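Written below as C-alpha cells is the structure these notes are about.
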Number of protein chains: 2
Amino acid sequence: MPDSTATATRRDELLAIAARLFAEKGFKNTTVRDIADAAGILSGSLYHHFDSKESMVDEILSTFQTELFAAYDDVLASDADARTKIERAVRLSFAAIDRHPDEVAIFQNEADYLGTFPRFAYLAERNAQSRNVWMTLLTEGVETGALRADLDVTLTYRFVRDTVWVAVRWYRPGGGLSHEAIAAQYLTILLDGISHA
Amino acid sequence: MPDSTATATRRDELLAIAARLFAEKGFKNTTVRDIADAAGILSGSLYHHFDSKESMVDEILSTFQTELFAAYDDVLASDADARTKIERAVRLSFAAIDRHPDEVAIFQNEADYLGTFPRFAYLAERNAQSRNVWMTLLTEGVETGALRADLDVTLTYRFVRDTVWVAVRWYRPGGGLSHEAIAAQYLTILLDGISHA
DNA sequence: GTCTATACGGCGATAGAC
DNA sequence: GTCTATCGCCGTATAGAC
C-alpha cells in the first residue's frame, strides 16, 4: 500500500530504476539481474516486490498513461478555441516527455510489441483514445477555419503525434533547451511551416 | 559470392525473412528458431549461411545504408537550389521507406542500442553523415532566403529527420496512400504549416 | 544445403533461511 | 527486505551425418 506522501517507497525506487534500463536498452535486453545490480540487490529479491519483470513494465506504463490521459481530457473539456487546444495538447505532450522521459521512451519503443499480448491490450485502447483526442482537435480546427481546409486530417494526425513523441529520442531534461522552448519552436514550424513567407 | 543478376540467392531470401522478423518483433525478440521456422528449415541450418544472428542484422543494415547514402550524395552534388534539394531529399527518404520498410524500421528501432557495440560503430558514423546532409541543406536554405531566417537549424534538422523516418511505423507499401503522395503532403505541411494562411 | 543431436550459458523465477 | 541456492527452460551456436 503506497503512501501518498512525497517519500518514494522502495517499490517506486525499483520501478524508476527498471524504467531507466527499459528505456535505455529495451525491455527484452534488460535482465532482472541488470535491474537488481543497478538497485544494489540480488535478482531474487526483486520478486519480493513484483510478480515478474512483465508486471514491472506493466505498472510503469499504466501509471504513466493514467496521468497523461487525465491531462488530455482536461484540454478536450476546456472551452478554448481549436487552435488554443491544439497548442495546449502539444505543450503538455512535451511536458510529459520532460517529466517522464523513460516512460515515454518505453511506450514508444515497446508498445507495438507488448500490445500483441492480451495483458497489454490496454495499450491499443489508449492508442485509440489518443487518436480520438487529436482527430477531434484537428477536425474542429479545420471546421472552424483555424486550420487549412485542404489538410488530410488523418495524415496530419499521424504527423503531429509522431513528431511530438519522437522528440524523446534526443531531448534530455535539464539540457540547454527547455521543453517549453522546444514546444514553442515546434508549434511555429507545425502551424506556419519552415518556408520563407 | 552473390551473382549480380535479379535472381535472389537463398542467402538473400533468408536475409529478407530475418529483416521482416527483426522489424516486426525486434532483434532481441526474434530467435534464430523464429527465422528458421519462417524459412522452413531448422535453426542449425542457418549457420551454413551466416556466422551468427548478429552478422545477419549487420549485413541487413550496412547494405541498406550504402544504398541510401549514395542517393543522398546524389542530391548534395546536384546544382539545384536549396529548396529543390530539400524536397528531393525528403522524397527519396519516403521512397526508401517504400522500398525497404523493414530495413528502415530496424535502423529506427535498434540503431541506438546496437551502436553501443564496437561492431556497429559505423551506425554512429552514418548518423553523423546524415546530420551533415540535412544541416548543409537547411543552412543553405536559410542563407539563400528560401527558408525563414528565424529557424533554429539544429532543431529543424531533428524535426525533419524524425518526422520523415517515423512514418515507417504506419506506412505500408501497396496501401491506399503512395509514398509520393505522403511525401507531397508532408512537404506541404513542413514548408507552409497547417495553419490557415 | 539441410538435418540430427547436443553443448553451454543465461534467462526468469522459486523456496526457504536470515 | 534481502540473501543463498537452485531449478528448468530457452537462447545461440557447433559437429558431423546425409
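Below, chain A is the first sequence line, B the second, and so on; all start at residue 1. Just so you know, these numbers come straight off a predicted model, no measurement behind them.
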Problem - Residues from residues 43-64 of chain A lying under 4.0 Å of DNA chain D - heavy atoms - result: A:Ser45, A:His48, A:His49

Fill in the blank from the handout: Closest non-hydrogen atoms of B:Asp112 and B:Thr116, given as atom of the first, atom of the second and distance, are O-CG2, 3.6 Å

Practice task
Give, ordered by number, those residues of residues 15-33 of chain B having at least one heavy-atom distance below 4.0 Å to an atom of DNA chain D; if nothing qualifies, reply none.
Solution key: B:Thr30, B:Thr31, B:Val32, B:Arg33

Practice task
Nearest whole angstrom, please: distance from the P of D:dT6 to the CG of A:Leu42.
Solution key: 15 Å

Handout entry: Flag if over 12 foreign heavy atoms under 6.0 Å of NE2, B:His196
Key = no

Problem - Between B:Tyr47 and B:Ser52, a side-chain donor and acceptor under 3.5 Å - result: no

Exercise for the section: Determine whether the aromatic ring centres of A:Phe94 and A:Tyr186 lie less than 6.0 Å apart. Expected result: yes

Exercise for the section: Quickly work out the A:Arg11 CZ to D:dT2 C1' distance and round it to whole Å. Expected result: 17 Å

Exercise for the section: Can you tell me the distance, in whole Å, between the CD1 atom of A:Ile41 and the P atom of C:dA13? Expected result: 15 Å

Handout entry: Integer-rounded Å distance: C:dC3 P and B:Asp37 CG
Key = 11 Å

Practice task
Check whether the ring centres of A:Phe117 and A:Phe120 lie less than 6.0 Å apart, and answer yes or no.
Solution key: no

Exercise for the section: Could you state the atom-to-atom distance from CD1 of A:Ile35 to P of C:dC11 in whole Å? Expected result: 12 Å

Practice task
Answer yes or no: does a side-chain N or O of B:Arg10 lie under 4.0 Å from OP1 or OP2 of C:dT2?
Solution key: yes

Fill in the blank from the handout: Those residues at least two apart in sequence (or on a different chain) that pass salt bridge (Lys or Arg N to Asp or Glu O under 4.0 Å) with B:Arg83 are B:Glu87

Exercise for the section: Report the distance from atom CD1 of B:Ile194 to atom CG of A:Asp192, rounding to the nearest 0.5 Å. Expected result: 9.5 Å

Completion exercise
Here the distance between atom P of D:dC10 and atom CG of B:Asp34, to the nearest Å, is 13 Å

Fill in the blank from the handout: Paired with B:Glu103, the side-chain contact (heavy atoms from CB on, under 4.5 Å) test is passed by just one of B:Thr63, B:Val168, B:Ile60, B:Val57, namely B:Ile60

